[in-house]
Amino acid sequence: MSRRWAMPLGGQNAQADSAFRRALENAVWLFGGKGAGALLSLVYLAIVAQTLGVATFGVFALILAFGQAIGTVVGFQSWQTVIRYGARHLADGNVGALRSVLGFTTTLDLCAGAFAAVLASLGALAAGSTLGWLDQETQIAAWFGLSLLFGQRGTPTGILRLFARFDLAAWSEFTLPVTRLLGTCAAWAADGSLAGYLIAWGVAELATTLVMWVTAASQLRAQGVPAGLPQLRGVADENPGILRFAVLTNLTSSIGPIWQQVPILAVGWIIGPASAGGYRIAMQLGTALTKPVTSLARALYPEMAKLTATRDAAAVRLVLIRAALLTTAIGLLAILLVAVAGESLLSLTGGPDYVFVYPIFLVLTIASAVNLSGFGLEPALVALGRPDKALVARGLASIGYLVFLGILLTMMGPIGAAWATLAANACSVLLLHISFRRLEARLA
């Protein structure tokens, strides 16, 4: 074994235990916000679904999926760039270089937000009739697209995680479900219209971004990082590969909408808005059940980045094993819960009209459990400085997903989209595992 990766087994276990323990502690804070937010999301989703009705809620789901897909494709996961490059400058006490990194990522966020807003508005006007929207609904969707202008908050998120203030990050992110719930209640009290609920969603995005930036700015001051416009000139020289890293992580994260928003859009386009709304309900419930793992994934990345700095791949592998055991258990519990109480959960959330999506809900939960079993592989590859490997694995799985989706959706209806998700998740985990094992073997 290469000396740079060599370490006594006891030392590897100690490092892995310490890193995993810190990740769990930070995940508790994240889940505190995300878990409570998931519960609130079910409340405001139930209000919207039951007041709009199946058909109009389907249009609501399609408008959200359309805007969120564009926002995610265009937006950068700049928090990963902040952590990867900012951590070294923070450790060296190089405040100027740290500010340059933050200026670089902030510029990316602003440009991405502006481009996403324009693209979503124009795209809604162009694609509205194809998705079955009325003229008024198309106009509403175009205005909603402008809310993407202030939906990019990767940099403040990265600042809080860089300083290990997961508690403040959790409280700040909790602004989103709270303001959505308040806005939903206000819209319901006013007239319960499609436009009112979408306005509530847009206002919640703006409020959350403002809170995140105020909180992040206070931490920068507390850490002695002075305010003011950073000098962007020379940022690429001080941070070799930063642009390539940002682009690759963006491309990898852009694959997300293929798995989350595209099936809703495809179901709405091929089957109709009502089925798209039901699919959205099933997917939203499945997401709520997996929030603990999402929180753990976000908490694991900084710890893996620190282990990578010590060139200890074996410790990274030990962390992955521990994480896989925990997340697989969570996935199995989620499947059991849905098998026993899935219809009741659907009826409670959307009303009796949505019980018809129970088979979809169950298949999507199984798909999530498969994905959870290997969720730590992607952040491990990114932390080891190879986001390209994660991109290739996710990209190949996504190509397969689009093929599965096109075939199974036309053959089986909406549940075909769920089966396509299950098959693609299995392929994705397998490809990520192969990529990590190959990388580990080369570093050994």
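Note that the coordinates shown come from a computational prediction; the quantities given were computed from them, not determined experimentally. FYI, side chains are in, hydrogens and waters are out, and symmetry mates aren't considered; it's all heavy atoms of this structure.
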Closest non-hydrogen atom pair, [X] against [Y]:
X    : Y    : value
F104 : A246 : CE2-CB, 4.3 Å
L62  : L131 : CD1-O, 3.9 Å
L42  : T349 : O-CG2, 4.1 Å
A61  : I264 : O-CG2, 4.2 Å
I281 : A49  : CD1-CB, 4.1 Å

Under 3.5 Å donor-acceptor, [X] side chain and [Y] backbone:
X    : Y    : result
T209 : F150 : yes
Q219 : A216 : no
T56  : G53  : no
N425 : V370 : no
T365 : F361 : yes

Problem - Test salt bridge (Lys or Arg N to Asp or Glu O under 4.0 Å) applied to R280 - qualifying residues, sequence neighbours left out - result: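 Scan of R280 (salt bridge (Lys or Arg N to Asp or Glu O under 4.0 Å), adjacent residues dropped) gives none.
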Handout entry: Geometric class of the Y354/F356 ring pair [parallel <30°, tilted 30-60°, perpendicular >60°]
Key =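 Ring orientation of F356 relative to Y354: parallel.
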Practice task
Sequence neighbours left out, what pairs pass side-chain hydrogen bond (donor to acceptor under 3.5 Å, both in side chains) with at least one residue falling in residues 185-205?
Solution key: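 Only T51-Y197, R153-E205, R180-E205, D191-S193 qualify under side-chain hydrogen bond (donor to acceptor under 3.5 Å, both in side chains).
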Compile the donor-acceptor pairs under 3.5 Å between side chains in residues 139-148 and protein atoms, sequence neighbours left out, one pair per line.
residue: S147; atom: OG; partner: F144; partner atom: O; Å: 2.6

Practice task
Please identify each residue that fulfils side chain to side chain contact (heavy atoms under 4.5 Å, CB included) with I434, with sequence neighbours left out.
Solution key: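 With neighbours one apart ignored, the set is L430, R438.
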Handout entry: Pair T215, S172: side-chain N/O donor-acceptor within cut-off below 3.5 Å
Key =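 Short answer, yes.
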Handout entry: Residues in side-chain hydrogen bond (donor to acceptor under 3.5 Å, both in side chains) contact with N371, at least two apart in sequence or another chain
Key =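 Counting only residues at least two positions away or on another chain, N371 forms no side-chain hydrogen bond (donor to acceptor under 3.5 Å, both in side chains).
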Exercise for the section: State which residue, out of T155, L160, L176, fulfils the side chain to side chain contact (heavy atoms under 4.5 Å, CB included) condition with M212. Expected result: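 When side chain to side chain contact (heavy atoms under 4.5 Å, CB included) is applied between M212 and each of T155, L160, L176, only L160 qualifies.
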Report all side-chain donor-acceptor pairs from residues 410-420 shorter than 3.5 Å, counting only partners two or more places apart or in another chain.
residue: T410; atom: OG1; partner: G406; partner atom: O; Å: 2.9
residue: T410; atom: OG1; partner: I407; partner atom: O; Å: 2.9

Problem - CG-CH2 distance between L162 and W79, expressed to the nearest 0.5 angstrom - result: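 Reported value, rounded in 0.5 Å steps: 12.0 Å.
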